Amino acid sequence: MIELYPHNQRDYEAMVEMLREKGAACLIKPPSDGRAILGMHLAEEEPGKRFLWVNPQVLHMRQQLANAIRLSAMGQGRAHDFSNITTITYAGLVGIADTGEVPDVARD
């Protein structure tokens with residue numbers, strides 16, 4: 001289980017509350033302040049739900065997922081595999097706009 005810093009725990013709780021109330025949430029934080037970890041923690045806490053993760057670069061996505069798996073294993077000794085996350089780059093979103101084909105996860 002990913003353990004959050006106290007300031008990120010507050011942000012996480014606010015994000016979850018907004019998701020419950022509104023069905024959507026927007027997380028705005030400075031660079032390197034834990035946005036990715038908050039999203040990964042949500043995916044870990046909600047293994048039955050699917051997530052679409054948009055990122056500028058494939059390498060960046062891989063690094064974030066690898067880091068989340070490592071942090072997840074530290075908490076309980078057993079890592080979440082984050083298979084409930086589908087990743088796509090911004091360029092991939094342009095492809096969706098061009099073709100109209102939307103990944104299944106984006107339909108939920």
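In this text the structure is predicted, and so the values were computed from the model without any measurement. Below, each value reflects all heavy atoms present in this structure, side chains not excepted, and no hydrogens, waters or symmetry copies.
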Peer 1: Of all heavy-atom pairs between Trp53 and Gln64, which one has the smallest distance, and what is that distance?
Peer 2: NE1-OE1, 3.1 Å
Peer 1: Among Met15, Glu17, Gln9, find the one that has a side chain to side chain contact (heavy atoms under 4.5 Å, CB included) with Glu13.
Peer 2: Gln9
Peer 1: Report yes if the side chains of Leu93 and Val54 come closer than 4.5 Å at any heavy-atom pair, otherwise no.
Peer 2: yes
Peer 1: How many angstroms lie between atom OG of Ser83 and atom CZ of Arg50, to the nearest 0.5 angstrom?
Peer 2: 11.0 Å
Peer 1: Would you give the length of the straight line joining atom CG of Asn8 to atom CZ of Arg35, rounded to the nearest 0.5 angstrom?
Peer 2: 11.0 Å
Peer 1: Hey, does Glu45 have a side-chain heavy atom less than 4.5 Å from the side chain of Val16?
Peer 2: no
Peer 1: Side-chain contact test, heavy atoms from C-beta onward, threshold under 4.5 Å: evaluate it for Gln57 versus Met61 and give yes or no.
Peer 2: no
Peer 1: Kindly indicate whether the side chain of Ile69, heavy atoms from C-beta on, has any atom under 4.5 Å from the side chain of Leu71.
Peer 2: no
Peer 1: Would you indicate whether the side-chain heavy atoms of Met40 and Ile85 approach each other to under 4.5 Å?
Peer 2: yes
Peer 1: Does Asn84 reach the main-chain N or O of Lys49 with its side chain, forming a donor-acceptor pair under 3.5 Å?
Peer 2: yes
Peer 1: For residues Glu44 and Ser72, report the shortest heavy-atom separation together with the two atoms involved.
Peer 2: OE2-OG, 2.6 Å
Peer 1: Can you check whether Thr87 reaches Val58 side chain to side chain, under 4.5 Å on heavy atoms?
Peer 2: no
Peer 1: To the nearest 0.5 angstrom, please state how far the OH atom of Tyr5 sits from the CG atom of Asp33.
Peer 2: 11.0 Å
Peer 1: So do the side chains of Tyr12 and Leu42 get within less than 4.5 Å of each other, counting heavy atoms only?
Peer 2: yes
Peer 1: Can you tell me how far the CD atom of Gln63 sits from the CG atom of Asn55, to the nearest 0.5 Å?
Peer 2: 9.5 Å
Peer 1: For the residue pair Asn67 and Ile37, establish whether any side-chain heavy-atom pair is separated by less than 4.5 Å.
Peer 2: yes
Peer 1: Parallel under 30°, tilted from 30 to 60°, perpendicular over 60°: which one fits the rings of His80 and Phe82?
Peer 2: perpendicular
